There are 2 protein chains.
Amino acid sequence: MDQTTTAPLRRDIAEQVTARVLDGRLPAEARINEVRLAAELKVSRTPLREALVELTDRGLLVAEPRRGFRVPPLNLDEARKLYPLVGELESLALRWSAPQDLLGLTDPLERQIDDMRAALDDERGLAELDDRWHAMLLSACGNAHLMRIIAQTKPLLKRYDVLYFGGPERARRSIEEHRDILTAIRDGDLNRAARLLVQNWVNGAAYLGRPAGR
Amino acid sequence: MDQTTTAPLRRDIAEQVTARVLDGRLPAEARINEVRLAAELKVSRTPLREALVELTDRGLLVAEPRRGFRVPPLNLDEARKLYPLVGELESLALRWSAPQDLLGLTDPLERQIDDMRAALDDERGLAELDDRWHAMLLSACGNAHLMRIIAQTKPLLKRYDVLYFGGPERARRSIEEHRDILTAIRDGDLNRAARLLVQNWVNGAAYLGRPAGR
DNA sequence: AACGTGATTTCTGTATTCAGAATATCGGGC
DNA sequence: GCCCGATATTCTGAATACAGAAATCACGTT
């Protein structure tokens, strides 16, 4: 229960800062005032800075030599590159999963798809379910480094995902793509599944230009 | 010229610690004594810790909750997964390069291959040349995040590369593979080039079990 | 003699402090 | 009235200090 004693403080802080970047409390282009942020989070500057260094290394923040940390600008071009990147990374993880382990996942994956169909109008819940579906899909991949890279890359994309969610149209389409991926896995056709998975992410990028909602 | 004033201290430190891990001054399994290491590097603990956090995030070190930082054990299984991972990442970067930019690189790439042929007996120089060749090959890829991931992942692999270098046999083979990749690029066949690039890394892993040297 | 227990010491994790650079402000000159 | 420069303030980057946890070692007990 008492995870606080075992988890370093910087882990918590990194998560909280990530949350603030994703939900806009730390907006794009904003310079980070370390003392103020430390005060808000009720921690001192040292573990905060360790967390900021971590996030900078992952690309969620940028460090300017003598000017501190900043939230990088939102950049459509970057987003259009991030979606395929995550897609290819996940696709790789899928190809490197043991086929028999994947078959064992098909039933829970199918149930999650049903849950998503039932939550079509709840954008936030849908995004959460989508995340979980992908996480479950990749849970059979034994390549720890690849999984770490994926986990560290996805938050970069979430900045754009939140802003440009495509509404029920994209959701419906994405759910159908999930179903196709699942079918390919059941067919034992990992290559097809991997291709469809990339496509699922690439299609997500297609909704980027449009303002949020319907 | 004066880059020292603009580069954060932790950058230097991270590089020095990386070097120590790669050349064995910080051996596998070793716990890191922060005060001693800080003294050796003539810096204080704060920037040192920031560098250690960075390297931990990249997987070059591990952090055990209340016990500090450690150099992770060498693990053949991990190495066998790292080679294909780097291969796939580089392959992706190659596929995402602009073909015309790649064509502009073919001549310098060819010259580097000649240099490598001339340095067949100099293991250290050869490794350096190999690194530069791959760096040049990927210099046309505009996906900054992918390039960052690659740069951060390669050092993990270098731990094994140093230990298990396969000698002139592997070198000769690798050089021929480079030549084939170059040919594929000149043919405008990026897919073949990307496939060969993966294979180049996968073949590197084949030498893993064998002790260093001839 | 071996094992368990407690004190001591070492080391990490976090907080606070200090120095130097960048930026903003205010005053003077044109 | 506007621009330029000196001064003051703010903020980062680095060093030091402190508290708490873990490992080690010695001592006493069985």
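All figures in this text were calculated on a predicted structure; none of them were measured in a lab. First the proteins, then the strands, lettered A, B, ... as listed; each starts at 1.
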Quickly work out the [X] [atom1] to [N] [atom2] distance and round it to whole Å.
{"X": "L37(B)", "N": "dC11(C)", "atom1": "CG", "atom2": "P", "value": "13 Å"}
{"X": "R45(A)", "N": "dG13(D)", "atom1": "CZ", "atom2": "C1'", "value": "7 Å"}
{"X": "L48(B)", "N": "dT12(C)", "atom1": "CG", "atom2": "C1'", "value": "12 Å"}
{"X": "E54(A)", "N": "dG13(C)", "atom1": "CD", "atom2": "P", "value": "13 Å"}
{"X": "L9(A)", "N": "dT14(C)", "atom1": "CG", "atom2": "P", "value": "5 Å"}
{"X": "R70(B)", "N": "dT12(C)", "atom1": "CZ", "atom2": "P", "value": "13 Å"}
{"X": "E64(A)", "N": "dT12(D)", "atom1": "CD", "atom2": "C1'", "value": "12 Å"}
{"X": "R10(A)", "N": "dT12(C)", "atom1": "CZ", "atom2": "P", "value": "12 Å"}

**Prompt:** When you measure from the side chain of E50(A), which nucleotide among dT12(C), dA15(D), dT14(C) comes out closest?
**Reply:**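 Of the candidates, dT14(C) comes closest.
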**Asked** For the side chain of N33(B), counting heavy atoms from C-beta on, which of dT12(C), dA22(C), dT14(C) is nearest?
**Response**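 The closest nucleotide is dT12(C).
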**Prompt:** Which residue lies toward the 5' end of DNA chain C, V35(B) or S44(A), if each is placed at its nearest nucleotide?
**Reply:**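 Looking at the nearest nucleotide for each, V35(B) comes out on the 5' side.
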**Prompt:** Relative to the 5' end of DNA chain C, which residue comes earlier, E34(B) or K42(A), by the nucleotide with the nearest heavy atom?
**Reply:**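 The residue whose closest nucleotide sits nearer the 5' end is E34(B).
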[X] side-chain N/O to [N] phosphate OP1/OP2 under 4.0 Å:
{"X": "R49(B)", "N": "dG13(C)", "answer": "yes"}
{"X": "T46(B)", "N": "dA14(D)", "answer": "no"}
{"X": "R67(B)", "N": "dA23(D)", "answer": "yes"}

**Request:** Specify whether H178(A) and W133(A) have parallel, tilted or perpendicular ring planes, treating 30° as the upper limit for parallel and 60° as the lower limit for perpendicular.
**Result:**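 Answer is parallel, since the angle falls under 30°.
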**Prompt:** Is a donor on one side and an acceptor on the other found under 3.5 Å between the side chain of Y160(B) and the backbone of N75(B)?
**Reply:**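 Yes; at least one donor-acceptor contact below 3.5 Å.
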**Message:** Would you compute the distance between atom CZ of R36(A) and atom CZ of R45(A) and round it to the nearest 0.5 angstrom?
**Reply:**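 The distance works out to 13.5 Å.
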**Pair N203(B), Q199(B): side-chain N/O donor-acceptor within cut-off below 3.5 Å** =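 Judged by distance alone, the side chains do pair up.
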**Request:** Pick base, sugar-phosphate or nothing for R31(B), based on heavy-atom distances below 4.0 Å to the nucleic acid.
**Result:**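 Answer is nothing: R31(B) stays at 4.0 Å or more from every strand.
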**Message:** What's I13(B) touching, base or sugar-phosphate or nothing? Going by heavy atoms closer than 4.0 Å.
**Reply:**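 Nothing, no heavy atom under 4.0 Å.
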**Asked** Between L85(A) and W201(A), is a side-chain contact (heavy atoms from CB on, under 4.5 Å) present by the stated rule, with each step listed?
**Response** CA-CA 9 Å; L85(A) 176 56; W201(A) 284 103; over 6 Å; no
